[in-house]
Amino acid sequence: MSKGRLITFEGTEGCGKSTQVRLLTERLKSLGHRVRNLREPGGTPIGEEIRHTLKHSHNNAAMTAEAELLLMNASRAQLVREIIRPALAEGEIIICDRFYDSTTAYQGFGRELDLAHVKAVIDFAVGETKPDLTLFLHVPAEVSAERLRSRQATMPFVRDRIEESDQKFFERVAHGFGVIAAQEPQRVKFINGNQQLDVVCARIWEQVEQVLPRVGRW
Ligand code: Z5A
């Protein structure tokens, strides 16, 4: 393991990642850990511009799946080198809202790009930088869709190209996450996200405790 820790959250939209990232960060800070939150795509000035192109730009309607794959990983390559590696070297705990499993799930399974090509691009973007722990928050498709609907109702003017994809796409993505979790059970921990907030939080903590570095003098 590197000096710091890289913990990633994954799952379909609305599964509760951002909420749990916030709660975990507060808990870790209260215990004296140095914690940094990141998100993908984004997390650096360059990455945030790429995020805008991928999600919200009004000129992105013709984006191909291949361009989407490369842009996700351009953002990631920048994030890994500009932020993640230096922060890990300083002993920080990095909590990242999505990382490369999202590429496998969305661009690989969802967009149906060749999985070997997807893996090659990811490998090029991250090199040896891999998560110590990945928390896969699972919620049923109806729950995900309902949470998304209620959010869209409060932000009707914010366009999101990826969220405009059809239902079959999201079904393939959800299936992809299940495959990833089954393939790497040591790293990827399945968490039922369709429970009370504090219960989800407790299940996450059980996993996080096992990979934490020691703080203080003991
Ligand atoms: N993407 C990709 O295609 N390829 C890649 O390589 C990467 C990403 C890295 C990023 O979108 C998009 O990019 C995403 C995948 C794609 N696209 N889609 N579609 P984003 O960053 O804008 O959003 P997101 O990652 O999809 O997350 P989200 O939709 O914002 O949801 P969330 O963070 O998982 O959930 P939340 O905001 O914490 O919770 C959603 C709501 O549910 C909120 O009102 C909460 O209060 C509520 N909530 C949370 N937990 C609970 C529980 N336990 N019970 C009840 N209600 C809850």
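Both counts, for ligands and for their atoms, begin at 1 and track the order of listing.
Between T129 and R85, the side chains place a donor N or O and an acceptor N or O closer than 3.5 Å (distance only, hydrogens not considered). Between the side chains of T25 and N37, a donor-acceptor pair is found at a separation under 3.5 Å. Side-chain atoms of S75 and E40 form no donor-acceptor pair, as typed in the model, at a separation below 3.5 Å. Side-chain atoms of R161 and S57 include no donor-acceptor pair closer than 3.5 Å.
In this structure, R111 is not positioned above the aromatic face of Y106 in the sense of NZ or CZ being under 6.0 Å from the six-membered ring centre and within 45° of the axis. No cation-pi contact links R98 to F9, judged by a cut-off of 6.0 Å to the six-membered ring centre and 45° from its axis.
Summary of contacts: the protein heavy atom closest to atom 14 (C) of ligand 1 is R98 NE, 3.7 Å. In terms of protein heavy-atom proximity, atom 27 (O) of ligand 1 is closest to K17 NZ, 3.0 Å. Distance from atom 28 (P) of ligand 1 to its nearest protein heavy atom, with residue and atom name: R151 NH1, 3.3 Å. Atom 46 (O) of ligand 1 has its closest protein heavy atom at T19 OG1, 4.3 Å. In terms of protein heavy-atom proximity, atom 41 (C) of ligand 1 is closest to R147 CD, 4.0 Å. Ranking protein heavy atoms by distance to atom 31 (O) of ligand 1, first place goes to G14 N, 3.0 Å. Annotation: atom 19 (N) of ligand 1 to nearest protein heavy atom, E13 OE1, 2.9 Å.
In this structure F190 satisfies the ring pair (Phe, Tyr, Trp, His ring centres under 6.0 Å) test together with F136, H138, sequence neighbours excluded.
Contact annotation: for M72 versus ligand 1, heavy atoms closer than 4.0 Å belong to the side chain alone. With a 4.0 Å heavy-atom cut-off, ligand 1 is reached by the side chain of F170 but not by its N, CA, C or O.
Distances shorter than 4.0 angstrom do not occur between any heavy atom of S75 and any atom of ligand 1. At a 4.0 Å cut-off, at least one heavy atom of R51 sits close enough to ligand 1 to count as contact. The closest approach between R39 and ligand 1 stays at or above 4.0 Å for every heavy atom of the residue. At least one heavy atom of R76 sits closer than 4.0 Å to an atom of ligand 1. Ligand 1 lies out of reach of Y100, whose nearest heavy atom is not under 4.0 Å from it. Distances from ligand 1 to the non-hydrogen atoms of G11 include no value under 4.0 Å.
At a 3.5 angstrom cut-off on N or O pairs, T12 does not count as close to ligand 1. At least one N or O atom of C15 sits closer than 3.5 Å to an N or O atom of ligand 1.
Interface of K55 with ligand 1, defined as ligand atoms under 4.0 Å from a residue heavy atom, comprises 10 (C), 11 (O), 20 (P), 22 (O). Annotation for ligand 1: atoms under 4.0 Å from non-hydrogen atoms of T103 are 5 (C), 6 (O). For ligand 1, the atoms lying closer than 4.0 Å to a non-hydrogen atom of I162 are 13 (O), 16 (C), 17 (N), 18 (N), 19 (N). Each of the atoms 9 (C) of ligand 1 lies under 4.0 Å from some heavy atom of E40. Every atom of ligand 1 is numbered from 1 in the order shown, and the set under 4.0 Å from a heavy atom of Q195 is 52 (C), 53 (N), 54 (N). Heavy-atom proximity to S18, at under 4.0 Å, picks out these atoms of ligand 1: 32 (P), 33 (O), 37 (O), 38 (O). Contact atoms of ligand 1 toward G16: 32 (P), 34 (O), 35 (O), 36 (P), 38 (O), 39 (O), 49 (C), 50 (N) (distance under 4.0 Å to a heavy atom of the residue). Here is the list of ligand 1 atoms found below 4.0 Å of a heavy atom in Q107: 2 (C), 3 (O), 4 (N), 5 (C), 6 (O).
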Dump the intermediate steps for side-chain hydrogen bond (donor to acceptor under 3.5 Å, both in side chains) on R76 and T103, then the final yes or no. CA-CA 10 Å; R76 177 166 303 131; T103 300; 2.7 Å; yes
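In plain terms, the two heavy atoms of P213 and I93 that are nearest each other are CD-CD1, 4.1 Å.
Note that atom 49 (C) of ligand 1 has protein non-hydrogen atoms nearby, at separations under 4.0 angstrom. Proximity of atom 44 (O) of ligand 1 to the protein is not indicated, since no non-hydrogen protein atom lies closer than 4.0 angstrom.
Within the structure, the ring-ring contact (aromatic ring centres under 6.0 Å, His included) test picks out no pair touching residues 22-56 (sequence neighbours left out).
Between R149 and E146 there is a salt bridge, with a side-chain nitrogen of the basic residue lying less than 4.0 Å from a carboxylate oxygen of the acidic one. The pair D101-R187 meets the salt-bridge criterion, with a side-chain N (NZ, NE, NH1 or NH2) lying under 4.0 Å from an Asp/Glu carboxylate O.
Residues L23 and Q20 meet the side-chain proximity criterion, which asks for heavy atoms closer than 4.5 Å. A 4.5 Å side-chain heavy-atom check between Y100 and M72 finds every atom pair outside the cut-off. In this structure, the side chains of P140 and N194 come closer than 4.5 Å at one or more pairs of heavy atoms.
To the nearest 0.5 angstrom, F99 atom CZ is 9.5 Å from L38 atom CG.
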